[in-house]
There are 2 protein chains.
Amino acid sequence: MKLDGIEITQQLEQFRAACKKRGVKLTHQRLEIFREVAASLEHPDAETVFRGVQTRMPTVSLDTVYRTLWLLNDLGLITTLGPRRESVRFDANLRHHHHYVCMRCGLVGDFESPELNILRIPNGVMEFGSVVSTHVEVRGLCAKCAGEQAERLHPGSSAT
Amino acid sequence: MKLDGIEITQQLEQFRAACKKRGVKLTHQRLEIFREVAASLEHPDAETVFRGVQTRMPTVSLDTVYRTLWLLNDLGLITTLGPRRESVRFDANLRHHHHYVCMRCGLVGDFESPELNILRIPNGVMEFGSVVSTHVEVRGLCAKCAGEQAERLHPGSSAT
DNA sequence: CTGACTGCAAACCCTTTGCAGACCG
DNA sequence: CGGTCTGCAAAGGGTTTGCAGTCAG
């Protein structure tokens with residue numbers, strides 16, 4: 001799990017380094033916003049980060065929080081839960097199944113696997129609460145996107 | 001995987017039955033919308049369903065599609081991918097980790113497990129594309145929600 | 001000093017809601 | 001025929017963007 005002070009300090013160093021490397025300015029706001037996300041054990045949304053930062057910086061605006069969070073995401077310092085900005089998707093497959101998700105285009109494919117339905121979960125997880133079901137998400141590059149990427153790297157090397 | 005005609009016909013029967021049982025009217029629009037989702041191998045969003053239905057029913061409106069999809073969800077005939085309608089959430093934990101998700105309140109907790117990082121994935125999945133990483137999502141009722149539920153069922157049976 | 005960054009406000013997208021007419025049962 | 005459902009249009013919430021002033025380097 002995350003350790004209070006030490007690890008965050010390390011992350012802050014990474015942040016400084018990444019900024020310098022990419023020629024991004026290290027403003028007071030960005031520092032506070034980064035601290036807020038890095039220190040949070042939850043997975044806060046922009047609004048929550050905003051409120052947290054606001055206590056120490058009453059003048060920040062919500063749009064700066066958004067801009068900074070996506071900046072941190074681009075710098076590879078944080079990630080997002082779920083897709084970047086998308087509409088709700090519906091699923092008519094009611095059997096216990098798992099998902100293949102393409103990291104590039106967002107394609108989602110179903111697959112079933114009795115073994116994956118009954119994974120052994122680490123004991124520590126019980127501290128969160130009861131376990132009802134487990135779902136596996138496999139991330140990768142789908143065939144179509146892999147093809148397009150190959151085509152981009154080696155144009156015409158294979159017939160279409 | 002899903003078989004074209006037979007299985008969808010079964011699902012349609014379930015739909016009729018569920019409607020009758022719950023006193024919900026079986027309109028032309030609802031039928032078409034349900035067929036569209038049930039037949040789709042993708043996990044379409046409302047807009048996609050809308051366009052699909054529109055080819056056969058040019059008069060449907062997008063709001064009816066929304067209303068019907070949530071109705072189907074309430075009837076237990078379809079589910080959604082990801083949370084119902086929420087803002088993007090950010091995650092400063094860059095290590096390969098997995099998530100515990102409370103089905104009631106949406107709480108998300110991280111946990112790590114070397115074993116779960118390297119699950120054996122069924123061969124069929126390779127047909128979708130390359131596999132880069134696997135993530136496990138454990139669903140359950142978090143301690144807080146379980147407590148509230150117990151409290152609701154047996155008020156005062158335990159000290160707070 | 002200069003270009004990048006901020007705050008403001010307005011725009012934007014997806015989704016939901018109120019209402020009058022249409023339709024299922 | 002009655003109550004539900006539809007389509008319309010407008011509201012709603014989260015997020016993004018254009019602009020002029022501000023600040024880091």
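Just so we're on the same page: letters track the sequence lines, and every chain starts at 1. In this text the structure is predicted, and so the values were computed from the model without any measurement.
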*So, is B/R30 close to the D/dT4 phosphate, meaning a side-chain N or O under 4.0 Å from OP1 or OP2?*
no

_As an exercise, state the distance from CG of A/D45 to CG of A/L81, rounded to the nearest 0.5 Å._
11.0 Å

*asked:* So, does B/S87 get its side chain near the phosphate of D/dG14, meaning an N or O under 4.0 Å from OP1 or OP2?
replied: no

*asked:* Tell me the closest heavy-atom pair linking B/Y100 and B/F111, and the distance in Å.
replied: N-CE2, 4.0 Å

*Please give, in whole Å, the distance from D/dA10 C1' to B/L62 CG?*
14 Å

*Mapping B/R89 and B/V65 onto DNA chain D by nearest heavy atom, which one lands closer to the 5' end?*
B/V65

*Would you mind building the protein contact string for nucleotides 19-25 of chain C? One character per nucleotide, 5' to 3', B for base within reach (heavy atoms under 4.0 Å), S for sugar-phosphate only, - for untouched.*
-----BS

*Could you check how far CG of B/L71 sits from C1' of D/dT6, rounded to whole Å?*
13 Å

_Whole-Å distance separating the CE atom of B/M57 from the P atom of D/dC5_ = 15 Å

_Between NZ on residue B/K21 and CD on residue B/Q14, distance to nearest 0.5 Å_ = 11.0 Å

_One thing to verify: whether A/R56 and A/E36 come together as a salt bridge, which I'm taking to mean a side-chain N less than 4.0 angstrom from a carboxylate O._
yes

*The side chain of A/V88 lies closest to which of these nucleotides: D/dT16, C/dT15, C/dG7?*
C/dT15

*Among B/H96, B/H97, B/H99, which one satisfies ring-ring contact (aromatic ring centres under 6.0 Å, His included) with B/H135?*
B/H96

*May I ask you to check whether over 12 heavy atoms, not counting those of B/I118, lie within 6.0 Å of atom CD1?*
no

_Check this one for me: any side-chain N or O of A/T64 less than 4.0 Å away from OP1 or OP2 of C/dG7?_
yes

*Taking OP1 and OP2 of C/dT15, is either one under 4.0 Å from a side-chain nitrogen or oxygen of B/W70?*
no

*What's the spacing between A/I33 CD1 and A/T64 OG1 if we round to 0.5 Å?*
6.5 Å

*Look at all strands and tell whether A/D63 reaches a base, only sugar-phosphate, or nothing, counting heavy atoms closer than 4.0 Å.*
base

*Distance check: side-chain N/O of A/T59 vs OP1/OP2 of C/dG7, anything under 4.0 Å?*
yes

